[in-house]
2 protein chains.
Amino acid sequence: MSPLRAKILSVATDLFQTRGINSTGVDTIVAVAGTTKMTLYKYFHSKEDLILEVLQQGHQDFQSWLQQKFETNTKKPAEKLQKLFDFIEEWVTSPDFRGMAFLKASAEFPNEENPVHRLSAEQSRQFRQFLASLATEAGIQDTEGLALQLSLLIEGAMQAEQMKRGSGAVKYAKKAAKVLIDNALKS
Amino acid sequence: MSPLRAKILSVATDLFQTRGINSTGVDTIVAVAGTTKMTLYKYFHSKEDLILEVLQQGHQDFQSWLQQKFETNTKKPAEKLQKLFDFIEEWVTSPDFRGMAFLKASAEFPNEENPVHRLSAEQSRQFRQFLASLATEAGIQDTEGLALQLSLLIEGAMQAEQMKRGSGAVKYAKKAAKVLIDNALKS
DNA sequence: CAATAAATATACAAATCTGTATATTTTTAA
DNA sequence: TTAAAAATATACAGATTTGTATATTTATTG
């Protein structure tokens, strides 16, 4: 990928997170990226396209980061679900965390027909599916159910932490997860 | 309150929920409300003021609705925490639910210094405090902890339901809450 | 009816928004 | 060095944004 294109993507990612998507104009993006609108519109057909790519990139980064964490840290299926919350805590409490992108995007584009909203919902679904696969590995019966419950805890904690940095929400989400996982294993 | 002012508030509430706050101009609001900008700016000093009032009104309506539900349905402290999730489900699955206002507002105004963000965070805190008071009534030890955990479930479920109507997230949140409450009562 | 208040119609300022047209400069590659 | 590609500078169109100024019309009240 062209370094200029990558720069635009990274600047847009940052500005969207800190100022909001609708509140960030393309003029601001190119100014911060040190380029011009002509270049931006050469690499992205529209602002909506840029938003969609920012979302996709962000989700992929998150997924890859998680994947790598699991590969280098945890091998036992039973531990994975617990470990996940440690990773999430590390992600959420990192200094430049400013909320989960797809959660915020769906709020800025509430219409379910909107492409940005659709992609956000799809990413949320994918994450839940990933949770379900972990639950399956751990030998859980109602994988879909537990996956949804854990996703509520995680997304809720991300929301809480975005609203107030240092809220410590993930700490409690972790405890709740332990109770729910243990309970699901017993049934 | 002037009926015209009330009309503007109600129209703004609806448009903010369905189209987003930043995507809704005052021109659209007055057009739908059947009035003019002059009137709007007579009752509200600025768009930000209108946003803040919409949030305040919405939160008050939600709180009052909950309060009344508890008064007419539930007297026993031990039952209240469980019942709460029935009420939340009723609220969330009502046909015109379009997400929790303060959650979406904080996403559209990510800056923690922003007045809209501050109010949203305050409302979230108040709701958590209400949960804590219910937990105290029920004889829970770690009231703050359980309140935070339940708030994650509820706000997570609201987020999920806003993202995809009919997701059934509250159903699972309710089950998870039961497990967490039982566990908290045992300790 | 007359005086006061409320609401409207209309127009506009000034800024901002997305997206494009045109021409020039810089970089890359043959 | 020369031709092709990439990036920039600049300007602008057209729409939309919040907020205000001015004048007119409608409602209310004494």
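Computed from heavy atoms alone, side chains included, the values below leave out hydrogens, waters and symmetry copies. No experiment lies behind these values; they were computed from the predicted model shown. Lettering of chains follows the sequences in order, A, B, ..., and the numbering in each one begins at 1.
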- Hey, which sits more toward the 5' end of DNA chain C by its nearest nucleotide, B:Pro3 or B:Lys37?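 The residue mapped nearer the 5' terminus is B:Pro3.
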In this structure, how many angstroms lie between the [atom2] atom of [N] and the [atom1] atom of [X], rounded?
X: B:His45; N: D:dT18; atom1: NE2; atom2: P; result: 18 Å
X: B:Tyr41; N: C:dA11; atom1: OH; atom2: P; result: 19 Å
X: A:Arg5; N: D:dT8; atom1: CZ; atom2: C1'; result: 19 Å
X: B:Asp27; N: C:dC12; atom1: CG; atom2: P; result: 16 Å
X: B:Phe44; N: D:dT18; atom1: CZ; atom2: C1'; result: 16 Å
X: A:Ile29; N: C:dG19; atom1: CD1; atom2: P; result: 11 Å
X: A:Leu40; N: D:dT8; atom1: CG; atom2: C1'; result: 14 Å
X: B:Met38; N: D:dA21; atom1: CE; atom2: P; result: 8 Å

Check this one for me: any side-chain N or O of [X] less than 4.0 Å away from OP1 or OP2 of [N]?
X: A:Lys47; N: C:dT18; value: yes
X: B:Thr39; N: C:dT8; value: yes
X: B:Thr36; N: C:dT10; value: no

- Task: Would you mind telling me which of D:dA9, D:dA7, C:dT10 lies closest to the side-chain atoms of A:Leu4?
- Result: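 Looking only at side-chain atoms, A:Leu4 lies closest to D:dA7.
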- Message: Looking only at the side chain of A:Val26 (C-beta and beyond, no hydrogens), which of the listed nucleotides C:dT18, C:dT20, C:dA9 gets closest?
- Response: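 Closest of the options to the side chain of A:Val26: C:dT18.
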Any donor-acceptor pair under 3.5 Å from [X] side chain to [Y] backbone:
X: B:Glu155; Y: A:Gly156; value: no
X: A:Lys104; Y: A:Arg98; value: yes
X: B:Ser124; Y: B:Ala121; value: no

- Message: What's B:Lys42 touching, base or sugar-phosphate or nothing? Going by heavy atoms closer than 4.0 Å.
- Response: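 Sugar-phosphate, backbone atoms only, no base.
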- Query: Looking for any heavy atom pair under 4.0 Å, which part of the strands does A:Tyr43 touch: base, sugar-phosphate only, or nothing?
  - Reply: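 Sugar-phosphate: the residue A:Tyr43, judged by heavy atoms under 4.0 Å, touches backbone atoms but no base.
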- Kindly check if the number of other-residue, nucleotide or ligand heavy atoms within 6.0 Å of CD (B:Glu122) is above 12?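 Correct, the count exceeds 12.
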- Message: Does the plane of the ring in A:Phe127 sit parallel, tilted or perpendicular to the ring in A:Phe62? Use 30° and 60° as the thresholds.
- Response: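 The rings of A:Phe127 and A:Phe62 sit tilted, inter-plane angle from 30° to 60°.
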